[in-house]
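Just below is one structure, and these are the notes that go with it.
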Amino acid sequence: MNEHKTIIELSNINKIYNLGNTKLQVLFDICLQIYEKDFIAIVGPSGSGKTTILNIIACLDRPTSGQYILNDIDVNSKSNDDLSEIRNKSIGVIFQNFNLISRHSALENVQMPLLYSDITDKKTRTRKARECLEMVDLTDRASHYPNELSGGQQQRVAIARSLINDPDIILADEPTGNLDSQTSRDIITLLKKLHEAGKTIIVITHNDEIAKETMDTINLKDGKIV
Amino acid sequence: MISRYLIDNIIEAASNLLRNKPRTLLTSLGIIIGISSVIILVAITNGAKTIIEEQLVSLGAKTIVLKPIGRTRSGVYRGMAQDFNQNELSLMKAMPTVESVSPIVKTSNQVSYRNKSQVVAVVGSNEDFARINDWPTESGDFINEMDVQDGARVCVLGASVQKRFFGAEDATSQSIRIDGISFKVIGTLTEKGLTPGGRDQDDFILIPFTSLNRWDYKGQLYGISNIIVSSTTTEDLEFTKFSIRKMLRETRGLLKDEFDNFEMVTYEKITRKILQTTNILKILLSAIASISLVVGGIGIMNIMLVSVTERTKEIGIRITIGAKSRDIVFQFLSESALIALFGGAVGIALGYFLSQLVSNFVGWPAIISTESIIIACLFSGFIGIFFGIYPAFKASRMDPIKAIRNEQ
């Protein structure tokens with residue numbers, strides 16, 4: 001059914017939060033397979049566990065039980081620092097509220113992941129960051145600070161930052177949630193472009209327009225795939 | 001590779017600190033005060049130490065006082081004491097590590113000038129007496145080598161004698177009679193005052209010790225009761241002592257199992273004790289000053305904790321995009337170390353400036369050793385790192401999911 005190889009494989013993932021005396025299970029036996037160059041939407045009501053799944057896929061969180069294979073690597077067996085490296089190199093994350101560092105310019109924000117990579121040459125860093133800003137059509141805003149940019153522009157800076165290390169996977173948690181419909185459309189176009197360029201993209205969204213563009217939609221309800 | 005990483009971190013830390021200058025300055029104030037007070041105190045005590053050392057040397061840290069004693073196996077008594085003689089004196093004078101030798105012959109005689117007549121202590125010595133005792137003349141000259149060679153009938157008056165016999169009038173060039181023999185006054189000595197024990201140090205007449213011997217009509221020669229020897233340097237003191245002892249034992253033909261019939265007193269032990277005391281003082285004062293360094297360090301820790309809390313979201317973002325825990329630790333340690341090093345540098349400059357000021361005020365030199373500057377630098381760096389560790393580790397252990405949701 002799909003000629004591409006599996007890039008993400010979740011098997012029997014459970015996530016239980018300890019809230020003092022009570023335990024809250026947010027994910028129940030999630031099994032999920034995502035192939036290279038997929039464009040997937042995760043939808044569901046709030047509290048259904050969408051963000052928790054995304055955090056686990058992003059290697060920001062660990063499942064309570066179950067196995068997560070990313071690019072043939074068993075993620076659970078890796079240390080936090082190894083996970084940092086995986087996030088740095090193979091995963092780009094985009095958030096609803098952009099999460100840029102306000103005291104750094106757009107260009108500095110975009111090149112920040114390089115600070116934690118092997119690329120130490122300052123010129124290479126700047127060149128790469130400029131290329132990424134060019135991809136999101138923001139070269140003229142390179143020296144602007146986040147509070148000098150519109151929401152759509154900030155999100156494009158965040159997308160440029162997620163692209164800097166040329167990751168295979170882009171994860172977006174409601175990327176248009178804080179944007180008006182016109183800017184949302186720009187961001188959708190941008191994500192489509194990235195998909196066409198060969199990235200695997202997983203988007204959590206309420207936006208039907210995004211869901212329409214994706215290859216597949218995963219529906220979550222009460223921590224289960226329905 | 002590593003150095004680029006280091007430079008990036010330091011630039012980042014510096015720009016961060018510059019964004020909030022008043023806070024950075026106030027945070028480093030504790031270190032500035034601590035380092036500068038350590039620098040000042042060490043400089044001032046070092047200065048005081050050299051002054052004390054100089055004074056001790058002038059008071060006789062390199063002199064040896066020779067006294068005759070009689071000693072038997074059962075103990076010490078004065079009876080067998082053997083005075084020193086002129087031969088021994090000239091042998092000592094010929095020693096390479098001996099700077100000067102001054103004999104002391106003590107007697108007291110009837111002294112008269114015009115209608116005044118009194119018994120006064122008369123001390124026979126030589127031209128080195130003034131130098132060894134650091135005792136300049138108030139007016140006129142001191143006795144010289146020729147006077148000693150010739151046994152000249154000249155004398156120098158102690159300040160009290162000058163006052164008693166001549167009052168306000170200058171005694172120089174006048175003649176006085178000692179035991180009826182006329183002596184010409186060639187000078188008077190400056191006043192030394194009382195000893196701690198209350199003895200008047202200025203109440204004597206000094207004459208060439210040779211003339212004392214020549215003039216004694218009773219046919220009885222005065223022995224040299226004390227000799228004060230001054231060594232060329234403090235370091236040579238031990239060797240000088242050793243040479244004198246050897247020479248005296250040989251000339252006096254003492255057998256191996258016989259005790260010395262003389263004694264040598266030095267101020268070495270006292271000197272060492274006093275210098276030790278100043279060292280203890282220095283350590284004590286620096287320890288007190290170091291307390292402010294610790295307080296300064298706690299100030300740094302406090303501000304770094306605030307800074308970590310303020311930047312929770314930033315830390316979350318950094319971890320999300322790939323920062324490892326050591327990257328976060330390093331980022332915050334760079335900041336705390338930089339604050340401390342800045343404080344250290346300003347503290348050294350301020351300490352240098354203030355110790356010159358204090359030095360002018362107290363009137364002794366402030367000696368700033370490179371050693372104390374290096375120690376100050378290392379110590380402030382250490383404080384910055386030590387008190388930065390806890391906040392930095394706290395930052396590095398953050399859960400990125402929680403941290404990134406933090407809105408400040």
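Letters go in sequence order (proteins before strands), and every chain restarts at 1.
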Checking A/H104 against B/E314: is there a side-chain donor and acceptor pair closer than 3.5 Å? no

Side-chain contact, heavy-atom cut-off 4.5 Å: A/E108 with B/E12? no

Taking atom CG of A/D137 as the centre, does the number of heavy atoms from other residues, nucleotides or ligands within less than 6.0 Å exceed 12? no

Does the side chain of A/F95 reach to within under 4.5 Å of the side chain of B/I317, using non-hydrogen atoms? no

For chain A, which of B/A323, B/G316, B/P400, B/S15 has the most heavy-atom pairs under 4.5 Å? B/A323

Indicate whether the side chain of A/N88 and that of B/K324 have a donor and an acceptor atom separated by less than 3.5 Å. no

Decide yes or no for A/L115 and B/R318: does some side-chain heavy atom of the first lie under 4.5 Å from some side-chain heavy atom of the second? yes

Rounded to the nearest 0.5 Å, how far apart are CG of A/L60 and NZ of B/K402? 13.5 Å

Looking at A/R62, I want to see if its CZ is surrounded by more than 12 non-hydrogen atoms of other residues, nucleotides or ligands under 6.0 Å. yes

Engaged part of A/I91 at the chain B interface, taking heavy atoms whose separation is under 4.5 Å: neither

Does any part of the side chain of A/R103, heavy atoms only, come nearer than 4.5 Å to the side chain of B/N16, both counted from C-beta? yes

Tell me, out of A/V93, A/I101, A/N97, A/L100, who's got the most heavy-atom pairs with chain B below 4.5 Å. A/I101

Assess whether atom CZ of B/R23 is packed by more than 12 heavy atoms of other residues, nucleotides or ligands within 6.0 Å. yes

B/F393 atom CZ: more than 12 heavy-atom contacts under 6.0 Å: no

Is there a side-chain contact between A/N99 and B/R405 in this structure, where contact means two heavy atoms from C-beta onward sitting under 4.5 Å apart? no

Does B/F353 have more than 12 heavy atoms from other residues, nucleotides or ligands lying within 6.0 Å of its CZ? no

Residue part contacting chain A, namely of B/I319, when any heavy atom lies under 4.5 Å: both

At what distance, to the nearest 0.5 angstrom, does NZ of A/K122 lie from CD1 of B/I7? 9.5 Å

Is any side-chain heavy atom of B/I321 closer than 4.5 Å to a side-chain heavy atom of A/R161? yes

Value rounded to 0.5 Å, distance of CD1 in B/I401 from OG1 in A/T52: 8.0 Å

Can A/N80 and B/S325 be counted as having a side-chain donor-acceptor contact under 3.5 angstrom? no

